[in-house]
Amino acid sequence: MQQTLKTINMKKKYLYILAFVIIAILGYNSVYFKKLSDVKNANKENFDFKAYADSIYYKGILKSKKTIALTNLISSVKTNQDAAFKKYGNRLGIGNSAYFMIKSTGKIIDIKDGIYTIADEKNGVVYIDTKYIFGNALRDASGLVKLTDFKTNAQFNKVSESLNDIVRNEVVPKEIKKVKIGDSISFSGAIKLSKKQILFTDLLIIPSQIKLQ
Amino acid sequence: MKIKQLSLLILTVIFVFGCSSKEKSEKPKIAVVVSTLNNPWFVMLAESAAENAKKLGYEAKIFDSQNNPAIESDNFENLISSGYDAILLNPTDSDGSISNILKAKTAGIPVFCMDREVNADDAATSQILSDNYSGCVAIGIEFVKELKEKGKYVEILGLVGDNNTWARSGGFHSVVDKFPNLKMVAQQSGDFDRNKAMEVLETILQANPDIDGVFCGNDAMAMGAFQALQAAGKETKVKIFGFDGASDVVEKIREKKIVATGMQFPKVMAQTAAQYADEYFKGRKVFPQRVPVEVELVNAANIKDY
């Protein structure tokens with residue numbers, strides 16, 4: 001009887017050990033420890049730039065209250081250049097120029113090779129470039145993306161490429177189908193102004209939106 | 001006896017304070033470690049950094065890494081053991097230079113990168129870099145317009161281990177690749193070197209004699225490309241584009257022999273790096289990790305300004 005009890009106890013002991021070993025193996029294989037920096041890097045590598053740019057464009061740029069009327073911007077720059085650049089412009093790092101997000105209205109007087117020549121109601125002739133929507137103009141003029149949001153410049157520039165793709169391939173082609181020479185339009189977009197600039201003629205706008213009035 | 005003891009005490013005090021005041025009067029030393037002194041652009045960057053450091057009251061010495069991360073590593077070991085207080089670095093390799101920067105960081109020496117980015121945002125104290133991508137977007141647009149959206153072209157890349165090479169190439173292709181009638185027939189590295197670029201293009205021209213344009217990742221290579229095209233009698237037919245804003249290329253733009261370049265500002269980068277080192281010594285410890293410096297497009301339309 002005592003022998004049987006001893007055998008049962010031994011079996012129980014082995015079962016416990018076996019269960020512990022199984023749990024330990026399962027536990028070891030189901031939990032991984034990684035460096036936080038590695039996880040963060042992996043996340044950035046899988047980052048959905050298209051979705052991010054969509055959100056910047058539709059929820060940020062189109063709804064932005066920072067977009068300034070072109071005539072007000074020119075007037076502010078003429079009055080106090082430094083203050084206007086600081087208040088309305090965005091310059092990443094060091095340079096003489098800054099990007100601004102502006103809006104205005106006018107009449108289309110010419111269309112040639114993607115350049116829409118506009119007789120702006122208050123600012124003379126300006127040009128909207130619907131073809132060469134490249135670079136960081138829209139991203140930087142929006143002021144919505146910080147350099148520190150991304151680990152490398154390459155990632156930061158990828159935001160611009162995705163944002164430009166949306167505007168160049170999706171937004172602008174639909175909008176320019178509805179307009180022709182002689183139409184009055186409202187428009188918004190990015191312009192680059194230099195601190196060396198004295199004249200405000202021949203302004204080139206990278207559009208974010210063109211609407212038939 | 002008391003006088004003797006007093007004299008000894010006074011002498012000891014003079015000795016101790018004398019030594020410490022000498023230490024305080026010693027100027028901090030700044031090392032300028034440059035990827036190569038075999039290219040005038042980097043010579044200007046290094047000399048300008050050293051000159052700015054000296055103007056701010058520091059000792060400064062230039063170390064040449066000869067485009068070799070191993071030599072850069074030796075330079076770092078030497079200057080860490082020699083007691084340098086800050087490093088203004090133009091790295092040789094975007095990955096290979098990280099371990100060198102970390103060695104300095106461990107030794108408590110701040111490193112300010114100039115012109116070339118390393119693939120880490122927690123190694124250098126700050127990185128002051130040309131905005132290569134934006135500059136080459138502007139060149140890409142100019143390229144598409146000049147070639148009227150069609151033709152065959154060659155790209156001569158810089159050093160493949162350098163981030164600037166890919167930032168420039170990336171900016172250029174972000175534009176040019178959207179125009180399907182522009183076909184890249186060859187893409188090869190010229191290592192940012194004039195002679196290498198000339199040899200590379202000479203070989204490419206044998207298989208592709210009918211190219212319309214060449215985009216070079218720097219101006220030294222653009223000059224090499226010009227020489228190769230001149231030797232082949234094609235310098236008026238093939239449009240050449242560079243990047244840097246080197247004086248010889250600016251002259252060639254004036255003569256309408258090269259179409260455009262991106263004007264970088266090495267003196268601004270060098271001055272900012274030296275200024276940051278000065279601010280670090282004076283107590284500032286937080287710096288922006290990356291500071292882009294604007295690049296300006298130089299072409300026939302605005303050459304009078306340069």
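Within every chain, numbering begins at 1; the chains are lettered A, B, ... in the order of the sequence lines, protein sequences first and strands thereafter.
- Both cation-pi conditions hold for R284(B) and F287(B): the charged atom is under 6.0 angstrom from the six-membered ring centre and inside a 45 degree cone around its axis.
- Between Y280(B) and F112(B), the ring planes are perpendicular. Angles over 60° get that label, and only those under 30° would be called parallel.
- The closest side-chain donor-acceptor pair between N132(B) and N164(B) falls under 3.5 angstrom.
- Within a 6.0 Å sphere centred on NZ of K195(A), heavy atoms belonging to other residues, nucleotides or ligands number more than 12.
- Taking non-hydrogen atoms and a 4.5 Å limit, the residue list of residues 120-139 of chain A in contact with chain B, ordered by number, reads K131(A), Y132(A), F134(A), G135(A), N136(A).
- Salt bridge annotation for K146(A)-D149(A): absent, with no cationic side-chain nitrogen under 4.0 angstrom from a carboxylate oxygen.
- Side-chain polar atoms of S188(A) and S208(A) form a donor-acceptor pair below 3.5 angstrom.
- Residue contact with chain B, scored on non-hydrogen atoms closer than 4.5 Å, is absent for K158(A).
- Interface residue K178(B): only side-chain heavy atoms are found under 4.5 Å from chain A.
- For chain B, the option among N153(A), D113(A), T148(A), L92(A) with the highest count of heavy-atom pairs below 4.5 Å is N153(A).
- Salt-bridge check for D54(A) with K50(A): passed, with a basic side-chain N closer than 4.0 Å to an acidic carboxylate O.
- Looking at Q289(B), neither its backbone nor its side chain comes within 4.5 Å of chain A, counting heavy atoms on both sides.
- With a threshold of 4.5 angstrom between heavy atoms, V268(B) approaches chain A through side-chain atoms but not through N, CA, C or O.
- Only the side chain of E296(B) comes within contact range of chain A, with at least one heavy atom under 4.5 Å from a heavy atom of that chain.
- Geometrically, K63(A) does not engage Y58(A) in a cation-pi contact defined by less than 6.0 Å to the ring centre and at most 45° from the axis.
- Under the side chain to side chain contact (heavy atoms under 4.5 Å, CB included) rule, F49(A) has a single partner from D165(A), L163(A), V159(A), which is V159(A).
- Of the two parts of S97(A), the backbone and the side chain both hold a non-hydrogen atom closer than 4.5 Å to a non-hydrogen atom of chain B.
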